[in-house]
Amino acid sequence: MIWNETIECMEREDMQKLQSLRLKRVVEHAYHNTPFYRKKMQELGITPDDINSIDDIVKLPFTVKQDLRDNYPFGLMASPMSEIVRLHASSGTTGKPIVVGYTRKDLSIWAEVVSRCLTAYGVTKNDLVQVSYGYGLFTGGLGLHSGVENIGGTVIPMSSGNTQKQIQLMHDFGAKALACTPSYALYLAETIRKSDIPLSDFALKVGIFGAEPWTENMRKELEEKLNIKAYDIYGLTEISGPGVGGECECQNGTHLWEDHFFPEIIDPVTLKPVEPGQQGELVFTTLTKEGMPMIRYRTRDLTHLIYDKCDCGRTAVRMGRILGRSDDMLIIRGVNVFPSQVESVILEMQEFEPMYLIVVDRVNNTDTFQIKVEVRPEFYTDEMNKMLTIKQKITNRIQSVIGLQPDIKIVEPGSIERSMGKAKHVIDNRKLV
Ligand code: ADP
Ligand code: ZN
């Protein structure tokens with residue numbers, strides 16, 4: 001099923017026409033109502049008259065997270081506060097929070113794009129959706145919430161936490177879909193396994209997972225453990241929230257709703273667009289936002305775009321899995337390491353629980369690279385030799401994928417902290433020095 005076939009399956013040429021029209025309008029709006037954007041455009045010697053088609057987007061200046069911080073809290077609003085009906089703030093994974101404001105129309109567009117995602121996952125008005133993303137300033141909870149209501153489904157506004165109750169109600173109410181971070185889904189799966197309710201008693205069929213990077217191996221793990229189909233949902237506070245894009249039944253890339261959020265991929269060093277299909281930093285321009293439009297916002301998320309028509313029939317551009325944020329990348333002894341690479345290896349090995357914590361430090365001017373992992377109870381033994389063999393096996397696997405030898409520390413099952421929201425996979429003690 002497709003929620004908005006006209007848009008989701010629009011011919012590229014028509015989409016570009018629509019984007020061109022909307023780009024012109026949003027640039028005018030930003031220029032006339034936000035001194036910040038006007039000044040930046042004046043510095044480049046351009047006015048809205050220079051923007052006549054979507055291809056002109058490259059003339060526009062970039063916006064970065066620091067700009068939002070410098071203009072905290074409301075400096076980037078392009079609508080008067082009397083038109084702003086809701087505020088959200090980012091959870092601040094990487095520093096002090098940033099604030100965004102939505103007009104009534106912004107909220108209805110957000111609900112529209114989440115509706116497209118839900119429909120692509122096979123969720124309909126007859127279904128119950130348990131929203132276990134946090135409610136509050138974080139966009140996850142309320143973002144999904146409005147989408148479910150918009151398609152006429154039944155929303156269970158659980159928010160995160162209270163894991164036993166989550167499971168009880170998911171079972172008793174018969175939720176068909178669960179929306180939360182992949183790491184929390186894992187924790188819920190673990191808790192179900194330990195509970196006295198068999199998995200077969202749940203009506204759950206669909207997982208709506210995002211808000212943090214996750215891997216294909218994590219998808220397999222979640223699909224098996226919860227007996228569901230697990231789909232990606234992508235978004236960020238600055239652009240709207242969850243639902244900037246979502247996967248379809250093909251599970252082969254996340255469709256981005258490019259009639260509202262125009263994506264580009266740039267080289268983060270030269271800031272030039274990359275060759276089509278190449279990996280780089282994702283940049284968005286909001287084409288319809290009133291409250292707080294974002295012009296060429298640098299997400300710092302690393303991915304690539306696929307413009308081929310998808311087997312599902314949608315033409316909306318697809319985004320590959322997010323490798324991570326450029327600021328998640330660790331440089332350890334000169335080698336670039338993404339936590340997602342470590343995750344991928346650990347989830348491939350049946351000896352380990354799908355949990356890990358990377359601890360980096362600097363001792364005698366050399367970086368240390370420790371990875372804490374939990375051996376599954378059925379592989380745990382007092383026989384030193386067997387444990388050493390398992391340890392050697394994972395050390396070799398990581399070394400071959402990353403090119404760096406980790407110091408593997410095997411810890412007791414259950415001892416790595418479980419997350420109810422975005423998981424913390426890295427402790428970098430070097431930053432404290
Ligand atoms: P914060 O910046 O405080 O984490 P947000 O909730 O706005 O606040 O986080 C948005 C970021 O979360 C994205 O820029 C991206 O890095 C990550 N993210 C969101 N959804 C996904 C997803 N489906 N896959 C990978 N990363 C995601
Ligand atoms: Zn598709």
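Whatever order the structure lists them in is the order used to number ligands and atoms, beginning at 1.
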Ser90 N/O to ligand 1 N/O under 3.5 Å: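 N/O-N/O distance under 3.5 Å: yes.
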Would you check, one step at a time, whether the test side-chain contact (heavy atoms from CB on, under 4.5 Å) holds for Phe352 with Ile408? CA-CA 12 Å; Phe352 299 100; Ile408 296 292; 5.5 Å; no
Heavy atoms only: which of [options] is nearest to [atom]?
atom                    : options                        : result
atom 16 (O) of ligand 1 : Leu236, Asp301, Val244         : Asp301
atom 25 (C) of ligand 1 : Ala211, Gly246, Ala89, Pro213  : Pro213
atom 10 (C) of ligand 1 : Ser240, Gly235, Gly245, Gly241 : Gly235

Should the ring pair [X] and [Y] be called parallel, tilted or perpendicular, given that the plane angle runs from 0 to 90° and is split at 30 and 60?
X      : Y      : result
Phe209 : Trp214 : perpendicular
Tyr121 : Tyr231 : parallel
His425 : Tyr356 : parallel

Run through Leu323, Val274, Leu305 and flag the one making a side chain to side chain contact (heavy atoms under 4.5 Å, CB included) with Gln279.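 Single side chain to side chain contact (heavy atoms under 4.5 Å, CB included) partner of Gln279 among Leu323, Val274, Leu305: Leu323.
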Taking Arg219 as the fixed residue, which of Glu247, Glu224, Glu343 is the one that meets the salt bridge (Lys or Arg N to Asp or Glu O under 4.0 Å) rule?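 With Arg219 as partner, salt bridge (Lys or Arg N to Asp or Glu O under 4.0 Å) holds for just one option, Glu247.
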Quick one: is the NZ or CZ of Lys289 closer than 6.0 Å to the six-membered ring centre of Tyr102, and within 45° of its axis?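 Yes, Lys289 sits over the ring of Tyr102.
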For ligand 1, the portion of Asp232 having any non-hydrogen atom under 4.0 Å away: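 Under 4.0 Å from ligand 1, Asp232 contributes side-chain atoms alone.
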Counting heavy atoms only, which part of His88 comes closer than 4.0 Å to ligand 1: side chain, backbone, both or neither?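 Neither part.
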Is there a donor-acceptor contact under 3.5 Å from the side chain of Asp106 to the main chain of Gly291?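 Pair found, side chain donor or acceptor close to backbone of Gly291.
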Sub-4.0 Å heavy-atom approach of [X] to ligand 1:
X      : result
Arg300 : no
Thr139 : no
Arg321 : no

Which of the numbered atoms in ligand 1 are under 4.0 angstrom from any heavy atom belonging to [X]?
X      : answer
Lys65  : 2 (O)
Ile322 : 25 (C)
Gly210 : 23 (N)
Ile233 : 20 (N), 22 (C), 23 (N)

Pair Ser326, Glu281: side-chain N/O donor-acceptor within cut-off below 3.5 Å: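 There is no such pair (donor and acceptor under 3.5 Å, judged by atom type) between the side chains of Ser326 and Glu281.
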Are Phe173 and Met158 close enough that some pair of their side-chain heavy atoms sits under 4.5 Å apart?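 Heavy-atom side-chain distance check fails, nothing below 4.5 Å.
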Three-point angle Cys310:SG, the Zn ion (ligand 2), Cys248:SG, rounded to the nearest 10°: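 Between SG of Cys310 and SG of Cys248, the angle at the Zn ion (ligand 2) is about 110°.
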Is any N, O or S atom of His255 under 2.8 Å away from the Zn ion (ligand 2)?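 For His255, the answer is yes, given that an N, O or S atom comes within less than 2.8 Å of the Zn ion (ligand 2).
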